[in-house]
Q: 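Have a look at this one.
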Amino acid sequence: MKQIFYIALLFVSYNTSAYSQSRQYNDYIQPVNTQLVREVLAKKQTNYNRNAEKVQSKIDNIEKLLQKLYKTKGSYLTKNQKEYIDSIYKYVNNLSKESIADNYGIIQILRTLNGVEETLFDWL
């Protein structure tokens, strides 16, 4: 009688184990759409590269104007003009990658650099 009891107990404990029953799982849902993330990051990188190229082009033009200015009026620059030129260098050195990547930031940067370019051209 004890043997039948042990066999029944073993059978019941075997069938009630959490590991002995197969489970049905839903299809895996990816928590982040990696394709969308790739597309967004690629677009942001393209936007940043285009904006950085515009800023670099403006800076190159300003540098050429400054070289012409120093050749023609080097020792005749006023104190205010020298301070303005120093402020241009500080402004350019403080440009951040975030402001270049941002659409609003690039508009402000290009407006400022256009103003600098016009001022330097007027001084020539």
Q: Rounded to the nearest 0.5 Å, how far does NZ of Lys58 lie from CZ of Arg111?
A: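 Arg111 atom CZ to Lys58 atom NZ measures 13.0 Å (nearest 0.5 Å).
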
Q: Measure the spacing between CD1 of Ile88 and CG of Leu113 and express it to the nearest 0.5 Å.
A: 9.0 Å

Q: So if I apply the side chain to side chain donor-acceptor pair (under 3.5 Å) rule between Asn47 and each of Gln45, Arg50, Lys44, Lys43, which one comes out positive?
A: Arg50

Q: Just so I know, are the side chains of Leu69 and Leu77 near enough to count as touching, which here means a heavy-atom distance under 4.5 Å?
A: yes

Q: To the closest 0.5 Å, what do you measure between CG (Asn61) and CD (Glu117)?
A: 4.5 Å

Q: Side chains of Asn49 and Glu53: closer than 4.5 Å at any heavy-atom pair?
A: no

Q: Could you tell me the separation between the CD atom of Gln81 and the OH atom of Tyr76, rounded to the nearest 0.5 Å?
A: 13.5 Å

Q: Is the shortest heavy-atom distance from the side chain of Ile85 to the side chain of Tyr70 under 4.5 Å?
A: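 Touching, per the 4.5 Å side-chain cut-off.
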
Q: Determine whether Tyr91 and Ile109 make a side-chain contact, defined as any pair of heavy atoms from C-beta on separated by less than 4.5 Å.
A: yes

Q: What is the distance from atom CG of Leu65 to atom CG of Leu120, rounded to the nearest 0.5 Å?
A: 5.5 Å

Q: Looking at NZ of Lys97 and CG of Asp102, how far apart are the two atoms once the value is rounded to the nearest 0.5 Å?
A: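 Going from the NZ atom of Lys97 to the CG atom of Asp102 covers 16.0 Å.
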
Q: ring-ring contact (aromatic ring centres under 6.0 Å, His included) between Trp123 and Tyr84: does it pass, once the steps are laid out?
A: CA-CA 12 Å; Trp123 288 355; Tyr84 184 76; 5.5 Å; yes

Q: Any non-hydrogen side-chain atom of Val55 less than 4.5 Å from a side-chain atom of Ile59?
A: yes

Q: Between Thr46 and Ala42, is there a donor-acceptor pair closer than 3.5 Å when you use the side chain of the first and the backbone of the second?
A: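 Yes.
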
